[in-house]
Amino acid sequence: MGAIGTLTLSGGISADAAVEALAGFAAGDARVVVVEAGADAGPGAWPGERVRWLWRDYPLPVVFAFEGRLEGAGAAFALGCDIRVCGEAAAMELDGESMDGLTAERARTLLGLEAGNAIPTRLTAGEALEAGLVSRVGPAGSAAEVARGAAEAVAARGPIATRLAKEAVWRGLDQPLEQALRFETDLTLLLQATKDRAEGVRAFLEKRPPDFTGE
């Protein structure tokens, strides 16, 4: 399977099949997942519970790549991912009025909107980048390549550290800043006892790439 799992969303994949594929990556050797949106990116319905599952409960970092117009269940799926990248001709359609509460909450968090503020209905690639909804914008047609580059960078890091970093982010969202920073420090202390941390120190001293094993 390799360190990077790849899932392609298209009209032919059901939500249950997408969940099953993601669970398989988490149970295997994957350290990060790239989700590529097809021409019809909807995996059937993708309700708020699954949006929350992706960003909070799914252990692996997920990079979502899309071109063209992303809307409906595909857009909801993207909101649940950790990193979103797109081509410069892409756009994201967000129908705030039809979103369930959890999906709308996630959209507002990513966009930095206060509760009750209207969610933009359409964002171009440039607007999504400026708003923080996507992390990178590449030339049209390059989203999958850009996503793969981001995934390779994540996969090269210690898998325990990346999983704990994801946990630190989602737990910290509902905590006061001081408490969130204290929790992050606690997770950092946990990492000090891992073999990967020792390997990282050795690799630095020996001026070579680290060989992290997830232990």
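Values in this document were obtained by computation on a predicted structure and should not be read as measured data.
The environment of E130 atom CD is sparse: at most 12 non-hydrogen atoms of other residues, nucleotides or ligands sit within 6.0 angstrom.
Contact check for R148 versus V63: no side-chain heavy atoms found under the 4.5 Å cut-off. Considering only heavy atoms from C-beta on, L7 stays 4.5 Å or farther from V34 through its side chain. Side-chain contact between V137 and V85 is absent, with no heavy-atom pair separated by less than 4.5 Å. A heavy-atom distance below 4.5 Å is found between the side chains of T103 and V51. In this structure, F66 and L9 have side chains that are not in contact, with every pair of non-hydrogen atoms separated by 4.5 Å or more. Contact annotation: the side chain of E93 never approaches that of L70 to less than 4.5 Å [non-hydrogen atoms, C-beta and beyond]. Contact check for T124 versus E127: side-chain heavy atoms found under the 4.5 Å cut-off. For the pair V33 and P61, the minimum side-chain heavy-atom distance is 4.5 Å or more.
In the hydrophobic cluster analysis, where Ile, Leu, Val, Met, Phe, Trp and Tyr join through side-chain heavy atoms closer than 4.5 angstrom, I13 is grouped together with Y58. No continuous path of hydrophobic side-chain contacts links L22 to L102 [ILVMFWY only; heavy atoms under 4.5 Å].
Closest heavy-atom contact between A91 and R122: CB-NH2, 3.5 Å. Heavy atoms only, all atoms of each residue included: A125 and V134 are closest at O-CG2, 4.1 Å. Scanning all heavy atoms of the two residues, the minimum distance from L113 to A118 falls at CD1-O, 3.5 Å. Closest approach of P120 to L111, counting heavy atoms only: CD-CD1, 3.7 Å. Here the closest heavy-atom approach between residue A30 and residue G5 is recorded as CB-N, 4.1 Å. For the pair G80 and L54, the tightest heavy-atom approach, listed with the atom from each and the gap, is O-CB, 3.3 Å.
Taking NZ of K166 as the start and CG of L60 as the end, the distance is 7.0 Å to the nearest 0.5 Å. To the nearest 0.5 Å, atoms CH2 (W55) and CG (D82) are separated by 10.5 Å. The CE atom of M92 lies 7.5 Å from the SG atom of C86; values are rounded to the nearest 0.5 Å. Between atom CG of residue L181 and atom OG1 of residue T185 there is a gap of 6.5 Å, rounded to the nearest 0.5 Å. Taking CZ of R106 as the start and CG of L79 as the end, the distance is 7.5 Å to the nearest 0.5 Å. If you take CZ on R136 and CD1 on I83, they are separated by 7.5 Å, rounding to the nearest 0.5 Å.
For residues 43-60, the salt bridge (Lys or Arg N to Asp or Glu O under 4.0 Å) pairs, not counting sequence neighbours, are D16-R50.
Remark: the backbone N or O of N117 is paired with a side-chain donor or acceptor of R108 at under 3.5 angstrom. With hydrogens and angles disregarded, a donor-acceptor distance shorter than 3.5 Å links the side chain of D100 to the backbone of G48. Looking at E145, its side chain never comes within 3.5 Å of a backbone N or O of S142 through a donor-acceptor pair. A distance-only check finds no donor-acceptor pair linking the side chain of E67 to the backbone of A140 [under 3.5 Å]. Distance alone, capped at 3.5 Å, is enough to place a donor-acceptor pair between the R84 side chain and the L133 backbone.
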**Item:** Stepwise side-chain contact (heavy atoms from CB on, under 4.5 Å) test for W46 and V19
**Value:** CA-CA 10 Å; W46 198 260; V19 170; 3.8 Å; yes
**Request:** Kindly indicate, with the supporting measurements, whether the criterion side-chain contact (heavy atoms from CB on, under 4.5 Å) is fulfilled by V62 and V32.
**Result:** CA-CA 6 Å; V62 183; V32 58; over 6 Å; no
**Request:** Evaluate side-chain contact (heavy atoms from CB on, under 4.5 Å) for T121 paired with D95, printing each intermediate quantity in order.
**Result:** CA-CA 5 Å; T121 56; D95 186 356; 5.8 Å; no
**Request:** Output, in order, the C-alpha distance, side-chain angles, deciding distance and verdict of side-chain contact (heavy atoms from CB on, under 4.5 Å) for T6 and E36.
**Result:** CA-CA 7 Å; T6 302; E36 299 178 8; 3.9 Å; yes
